[in-house]
K.L.:
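One structure coming up, written as structure tokens, with questions to follow.
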Amino acid sequence: MFDKDAYPHLAEIVDTLVSIWPEHTRFLEKSFSERDITLMSSTEQRAATILAMVGRNNIPEYCRDYRTLCNMLEDEELYFRRHGAYRLKYFEDAVAEVYSNKAFMNSYMNFIALSYVLWTNHARAMAHFEENYIPNIRLGSHHLEIGPGHGLLLYIATKASNVASVTGWDVSAASIAQTKKCLASLGVTKPVTLVLQNLFDAPDEGGRSPRFDSVVLSEVLEHLEDPVSALRAVSRHMAENGRIWINVPINSPAPDHIYLLRSTEEAVDLVATSGFKIIEHDFFPITGTSLKRARQWNLTISAVITAEKI
Ligand SMILES: C[S@@+](CC[C@H](N)C(=O)[O-])C[C@H]1O[C@@H](n2cnc3c(N)ncnc32)[C@H](O)[C@@H]1O
């Protein structure tokens, strides 16, 4: 599948997963064959971070959660193909079914954390965040992530020398607990403010606290009924010319996805009409397909958009 001596942390995760779910081997082979050396190196680095965060003994549990959630995604995919729509329509249903269910939320976040090494589109998105976005935000940035969940992206921000402060808001108490656990197990010493907070209800501090120079919304907009209002609400907490990094999947059914984006153009337009100037965008198709084919067949594409507050 890949040189296990060159990528030992990745090999440890993959070997455990294959022992639990041998039928997934072909998908994994495809996924790693799509990556060049640079992406394999960043994947290996991510795998090492996940092993340190999770602890070796807990990897089998993460792999079981990954398998369970992949099976659930197949059911959601079936619904999507039959109805041309996501199953859930309202945020309160997602809260009831997912965000308030601590056990499910934990499994869900474990699954997503592993997907950042196992899925090509997620691996590319995270590499983009670490290598393209974070180094280019201004020195002394106050950085906010909305919906940090497993905490891997927030962890990357804590390590950056151009980031002065790090804040996370999440509507789910289980997610906040996971983010906290992630940062503690990775030995983060930089102070991080984590708040149980729906992004729509965040109080305006009236200039008492610094506005954010950098905001991340990764895999969050598709969870909302009205992403345009969400982006406008978030922009009120941003400094002039502050930057936002958005990772939003199109045609991507999941147990808590509500807002269906059908094309990459629609994703970019959404951001551009919400008070932001687009700086760049990149589109990463799901494992095993080209961008052209993903567009043709309405398959999942991760749209990664960097924009600036106007
Ligand atoms: C799928 S997870 C994304 C985790 C991580 N950011 C990533 O990219 O993998 C979505 C997260 O957004 C949070 N979330 C959803 N709606 C939210 C809202 N209105 N305000 C704050 N957080 C929200 C969920 O609780 C969850 O932790």
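FYI, the numbering just counts along the sequence from 1. Just follow the structure's listing: the first ligand is 1, and inside any ligand the first atom is 1.
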K.L.:
Report, as yes or no, whether the 6.0 Å neighbourhood of atom NZ on Lys102 holds more than 12 heavy atoms from other residues, nucleotides or ligands.
P.N.:
no

K.L.:
Does any pair with a residue in residues 75-84 pass salt bridge (Lys or Arg N to Asp or Glu O under 4.0 Å), and if so which ones, sequence neighbours excluded?
P.N.:
Glu76-Arg87, Glu77-Arg81

K.L.:
My understanding is that only residues two or more places apart in sequence, or in another chain, count here; which of them pass ring-ring contact (aromatic ring centres under 6.0 Å, His included) with Phe276?
P.N.:
none

K.L.:
Distances under 3.5 Å, N/O of ligand 1 against N/O of the protein: list each pair and its distance.
P.N.:
residue	atom	partner	partner atom	Å
ligand 1	6 (N)	Glu145	OE2	3.2
ligand 1	6 (N)	Gly147	O	2.7
ligand 1	6 (N)	Ser218	O	2.9
ligand 1	8 (O)	Tyr116	OH	2.9
ligand 1	8 (O)	Ser218	O	3.0
ligand 1	8 (O)	Ser218	OG	2.6
ligand 1	9 (O)	Tyr116	OH	3.0
ligand 1	9 (O)	His150	NE2	2.7
ligand 1	19 (N)	Asn198	OD1	3.0
ligand 1	20 (N)	Leu199	N	3.1
ligand 1	22 (N)	Val171	N	3.2
ligand 1	25 (O)	Asp170	OD1	2.6
ligand 1	27 (O)	Asp170	OD1	3.3
ligand 1	27 (O)	Asp170	OD2	2.7
ligand 1	27 (O)	Ser175	OG	2.7

K.L.:
Are the charged groups of Asp15 and Lys4 less than 4.0 angstrom apart, N to O?
P.N.:
yes

K.L.:
Sort and list the pairs that fulfil side-chain hydrogen bond (donor to acceptor under 3.5 Å, both in side chains) and have at least one residue in residues 145-155, not counting sequence neighbours.
P.N.:
none

K.L.:
Can you confirm if the aromatic rings of His237 and Trp169 lie within a centre distance of less than 6.0 Å?
P.N.:
yes

